[in-house]
Amino acid sequence: MLFTETLNQNANFQRLYRSGAFCSLGSALIYVKPNGLPCNRLGITAGKKIGNAVRRNRAKRIIRAAYSAAELKLPIGLDIVVVARSTLPDQNANILTEAFCTRGVKHCCGVSSGEIPCTQNQKRKPGGKKSAEKQA
RNA sequence: UGAGCAGACUGUGCAGCCGCGGCAGCGAUUUCAGCUGACGAGGAAAGUCCGGGCAUCGCAGAGCAGGGUAACUGCUAACCGCAGCCGGGGGUGACCCCAGGGCAAGUGCAACAGAGAUGAGACUGCAUUGCAUCCGCACGUUUUCAUGAAGGAUGCAGUGUAACGGUGGAAAGGCGGGGUAAGAGCCCACCAGAGGAUACGAGAGUAUCCUGCUGUGUAAACCCUACCCGAUGCAACGCUGAUUGGUGUAUCAGGUCAUAACGUCUGCUCGGCGGAUCUGAUGCAAAGGCGGCUUGAGCGUUCCGGCGACAGAACGCCUAGAUAAAUGGCUGCACCCGUUCCGCUCCCUUCCGGGCGGCGGACAGGACAGAACCCGGCUUACAGGUCUGGUCACAUC
RNA sequence: GGCGCGAUAGCCAAGUGGUAAGGCAAUGGUCUGCAACACCGUGAUCACCAGUUCAAAUCUGGUUCGCGCCU
């Protein structure tokens with residue numbers, strides 16, 4: 001991985017779930033947000049819903065293979081978290097790779113150039129919702 | 001040929017393209033990045049159910065408490081493990097299963113039902129004695145009445161008994177005969193258990209004889225007997241280490257209390273050690289990094305001892321060490337499989353159709369499951385396949 | 001990775017071998033002109049599979065699921 005480090009702290013994952021711009025790739029979801037660093041950071045989530053350790057490891061390998069295929073096309077300076085869904089280990093890896101190279105790359109370029117905004121998810125913060133109503 | 005038993009092994013293979021992990025080498029060098037090479041998941045890596053190594057803590061010990069194991073002999077570093085053997089149970093058999101010490105040391109519990117539930121009880125009964133009533137009526141006294149009398153019935157009270165009946169998981173050995181007023185191991189034969197003696201065996205135990213001793217079940221109830229166990233776990237532990245708060249801890253200073261309390265040594269007691277507590281100051285610990293981290297009760301072959309588990313000797317080999325966590329992704333071919341589909345062919349059948357028949361092709365599928373300090377076991381999950389040795393049934397010779 | 005705890009009606013739960021308490025909710029009935037309140041009823045494979053026992057929610061072993069701790 002040329003310009004990529006691993007994202008391994010729980011706080012960073014929570015930050016992306018809360019305020020990242022997400023996009024569906026069929027059997028996976030991606031959350032993207034700019035990080036201000038001269039490199040990309042990649043995090044992978046394969047939860048207990050997917051299955052046992054063999055299925056989780058296969059999901060992570062497929063995601064990493066898809067990312068490395070699309071890496072040269074991505075802009076630099078992003079945090080990316082990929083969440084696997086339970087149908088991912090049953091599929092052929094080419095399906096996800098193709099989706100990542102087209103829709104995922106488009107989404108990341110949009111976030112990097114500012115066309116897709118990284119909004120706060122207000123459903124998880126009732127306080128923010130109230131203040132917005134007061135302003136209205 | 002079919003069914004079934006036990007043991008051992010294996011657990012898809014090959015090629016191409018693209019990748020990953022640490023290691024070694026090359027080149028470069030402050031690093032990063034690069035190239036080459038060999039290596040890179042399992043029989044259960046799983047569950048974390050046992051046992052050990054290793055590490056730290058404590059060490060002034062003793063007793064109690066607590067936990068574990070349970071026929072016997074061995075193997076092992078150790079074991080709730082394994083091997084052999086004994087006893088019991090299951091199967092026609094190969095063979096399989098068993099928490100398999102002691103309720104006959106003591107205590108507890110045994111609902112409901114039942115007469116009675118622990119060495120208990122007297123319901124229905126059986127037998128007998130006394131009293132009362134009635135039946136019976138030879139004979140004696142007698143006008144009648146009444147009284148006595150072989151025997152029988154009913155009721156009440158007492159005595160003996162526990163066979164029979166029903167309840168229950170269990171009713172104080174079982175069954176048969178004798179015996180008795182009726183009964184009872186009261187006596188006898190056989191059987192079951194217990195105790196004792198002798199013989200054999202390393203032992204559990206087995207065989208024979210004697211003794212009338214017969215005192216339910218439950219110890220995966222408390223408990224007793226024998227043996228074993230310090231606690232915590234690699235997030236242990238050692239070195240290094242940025243920022244700030246609480247916390248813990250060490251030292252120093254000051255205040256308060258006082259010989260009893262408190263803290264600590266495993267839970268308690270004795271005992272040992274520390275006076276205790278509050279405030280302030282200073283230092284240390286925790287993120288991360290490095291070590292621990294893979295040469296080990298190691299593996300393979302041969303020989304030898306042992307029924308076997310296992311032990312010994314010689315020679316050879318080095319075989320994963322990740323940390324948001326590598327050991328893969330895709331494609332093609334081969335292999336295996338199919339109450340799928342198509343085609344050809346064979347058999348049965350008049351036809352419809354049928355065949356746990358064969359061949360070829362297409363399609364779908366190929367299990368359970370991923371090292372995390374390391375070993376020895378156990379348990380659980382698992383598509384299939386191979387080999388070896390027994391057993392039963394049928395047929396043929 | 002290591003250590004520990006739990007599972008009982010839709011929900012909260014008691015239950016130390018002998019008929020599975022109780023509360024809320026649901027539902028049927030009585031009361032009322034109709035409701036509410038009140039009263040009387042109704043409901044459990046004790047997570048699952050074996051074993052010990054005459055008898056297991058309880059005791060023992062295994063499996064599944066859930067939860068906590070290692071600042």
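So you know, we letter chains A, B, ... as the sequences are listed, proteins then strands, and number each from 1. No experiment lies behind these values; they were computed from the predicted model shown.
- In this structure, B:rA163 makes no Watson-Crick or G-U wobble pair, since no nucleotide meets both defining distances under 3.5 angstrom.
- Using Watson-Crick or G-U wobble geometry with both donor-acceptor distances under 3.5 Å, B:rA364 finds no partner in any strand shown.
- Taking atom C1' in both B:rU167 and B:rG116, the straight-line distance is 11 Å, to the nearest Å.
- With both ends at atom P, the span from C:rU58 to B:rA105 equals 32 Å, rounded to whole Å.
- Checking the phosphate oxygens (OP1, OP2) of B:rG329, a side-chain nitrogen or oxygen of A:R58 falls inside 4.0 Å.
- Summary of the strand contacts: A:K60 and A:Q91 both lie near RNA chain B, and taking for each the nucleotide with the nearest heavy atom, the more 5' one is attributed to A:K60.
- The partner of C:rG4 is C:rC67, judged by Watson-Crick or G-U wobble contacts that both fall below 3.5 Å.
- Aromatic ring pairs are classed by plane angle as parallel below 30°, tilted from 30° to 60° and perpendicular above 60°; the pair A:F100 and A:Y67 is perpendicular.
- An OP1 or OP2 oxygen of B:rG19 is reached within less than 4.0 angstrom by no side-chain nitrogen or oxygen of A:R61.
- Of the candidates A:I80, A:I30, A:T102, A:H107 forms a side-chain contact (heavy atoms from CB on, under 4.5 Å) with just one, namely A:I30.
- Pair assignment for B:rG332: B:rC14, on the basis of Watson-Crick or G-U wobble contacts that are both within less than 3.5 Å.
- The partner of B:rG61 is B:rC270, judged by Watson-Crick or G-U wobble contacts that both fall below 3.5 Å.
- When heavy atoms are screened at a 4.0 angstrom cut-off, A:N52 is found touching the sugar-phosphate backbone but no base atom.
- Going from the P atom of B:rU295 to that of B:rG51 covers 28 Å, rounded to whole Å.
- Contact of the A:T97 side chain with the A:I62 side chain is not registered, since no non-hydrogen atoms from C-beta on lie closer than 4.5 Å.
- In the set B:rG370, B:rA326, B:rC330, the nucleotide with an atom closest to the side chain of A:R64 is B:rA326.
- Atom CD of A:E98 has 12 or fewer neighbouring heavy atoms from other residues, nucleotides or ligands inside a 6.0 Å radius.
- Glycosidic conformation of C:rU8 is anti; the angle lies outside 90° of 0.
- Across all strands shown, C:rC24 forms a Watson-Crick or G-U wobble pair with C:rG10, both key distances being under 3.5 Å.
- Phosphate contact (OP1/OP2 of B:rC330, side-chain N/O of A:N92, threshold under 4.0 Å): present.
- Using a cutoff of 4.0 Å between basic side-chain nitrogens and carboxylate oxygens, A:K33 and A:D79 are not scored as salt-bridged.
- Between A:I44 and A:A65, the one whose closest nucleotide on RNA chain B sits nearer the 5' end is A:I44.
- In this entry B:rG51 has B:rC375 as its Watson-Crick or G-U wobble partner, both defining distances falling under 3.5 Å.
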